[in-house]
Amino acid sequence: GIFQTTKKLFLRERPGWGRTLEFIRKNAANGLSVANLVAGLSSVLCSLNRQYHHSCWLLLLGFLLDLADGAVARQLDACSALGAKLDDFADFTTFGLATALLLQPQGVLGGLLAIAYVMAVFARLCFFSSG
């Protein structure tokens with residue numbers, strides 16, 4: 001009847017559908033890392049435009065996306081070298097550069113402390129990388 005026709009129409013195997021689902025499964029965590037990177041870069045732009053309230057929310061979003069990308073990669077068993085590097089770059093942008101700009105360094109000492117903070121985040125990612 002009508003249910004059999006509907007089932008055949010919507011649940012039949014389409015050419016390339018399996019490859020598409022596999023691609024999505026393998027790159028879901030990478031998509032979250034890219035979203036984290038975009039949130040970090042947007043936070044940098046907001047800080048440069050003195051929209052600190054928006055910058056804080058974008059950093060929180062970046063933090064949540066960072067939690068999600070690791071969990072998704074482990075859950076889907078989709079860890080890759082590219083994903084590890086992408087995650088590290090997104091973390092450096094969000095938690096290093098964007099956070100340092102949000103601190104609004106004033107004067108030479110404030111600038112040096114912001115640079116020291118960014119270098120500490122960089123060193124942490126170099127020596128304790130997820131890859």
Side-chain angles (χ1 to χ4, degrees):
I2 187 81
F3 294 115
Q4 290 294 354
T5 306
T6 306
K7 183 178 178 183
K8 286 180 185 176
L9 180 65
F10 289 109
L11 297 180
R12 70 185 163 134
E13 189 65 30
R14 294 186 181 102
W17 188 247
R19 284 184 283 156
T20 302
L21 288 176
E22 183 65 15
F23 178 81
I24 291 170
R25 184 190 72 78
K26 285 184 176 179
N27 290 295
N30 291 348
L32 291 171
S33 291
V34 169
N36 179 9
L37 179 63
V38 169
L41 290 172
S42 299
S43 177
V44 167
L45 289 175
C46 285
S47 290
L48 291 175
N49 289 320
R50 299 181 190 275
Q51 297 173 337
Y52 302 114
H53 186 75
H54 297 297
S55 182
C56 288
W57 283 109
L58 286 165
L59 284 177
L60 177 62
L61 177 64
F63 171 72
L64 295 174
L65 288 167
D66 186 48
L67 288 177
D69 73 1
V72 166
R74 285 186 294 279
Q75 187 71 27
L76 296 177
D77 192 30
C79 301
S80 67
L82 171 66
K85 288 180 173 43
L86 186 60
D87 182 53
D88 286 343
F89 185 64
D91 290 349
F92 176 72
T93 303
T94 302
F95 304 118
L97 297 176
T99 305
L101 279 175
L102 186 61
L103 294 173
Q104 307 171 38
Q106 303 283 324
V108 175
L109 181 60
L112 289 174
L113 289 173
I115 290 171
Y117 171 76
V118 171
M119 294 307 294
V121 170
F122 179 73
R124 184 250 175 241
L125 289 172
C126 283
F127 294 114
F128 302 104
S129 163
S130 56

By side chain to side chain donor-acceptor pair (under 3.5 Å), which residues pair with [X], not counting sequence neighbours?
X	result
D66	none
D91	N36
S55	S43, S47

Any residue meeting side-chain contact (heavy atoms from CB on, under 4.5 Å) with L109, in chain and number order, not counting sequence neighbours: L113

T99: partners by side-chain contact (heavy atoms from CB on, under 4.5 Å), with sequence neighbours left out: L59, Y117

Let me have the donor-acceptor pairs involving side chains of residues 67-82, under 3.5 Å, with sequence neighbours excluded, atom names and distances please.
from: D69; atom 1: OD2; to: S33; atom 2: OG; distance (Å): 2.7
from: R74; atom 1: NH1; to: G70; atom 2: O; distance (Å): 3.4
from: S80; atom 1: OG; to: G83; atom 2: N; distance (Å): 3.0

Heavy-atom check, side chain of Y52 versus side chain of H54, under 4.5 Å: no

Are any non-hydrogen side-chain atoms of L41 and L45 less than 4.5 angstrom apart? no

Please find the pair of heavy atoms, one from [X] and one from [Y], that lie closest to each other, and give the distance.
X	Y	result
C56	L102	SG-CD2, 3.6 Å
L58	C46	CD1-SG, 3.8 Å
L97	V44	C-CG2, 4.4 Å
T93	G40	CG2-C, 4.1 Å

Say you draw a straight line from [atom1] of [X] to [atom2] of [Y]; how long is it, rounded to the nearest 0.5 Å?
X	Y	atom1	atom2	value
D88	L125	CG	CG	5.0 Å
F92	T94	CZ	OG1	10.5 Å
L60	L65	CG	CG	9.5 Å

Answer yes if L32 and L64 sit in the same cluster of Ile, Leu, Val, Met, Phe, Trp and Tyr residues linked by side chain heavy atoms under 4.5 Å apart, and no otherwise. no

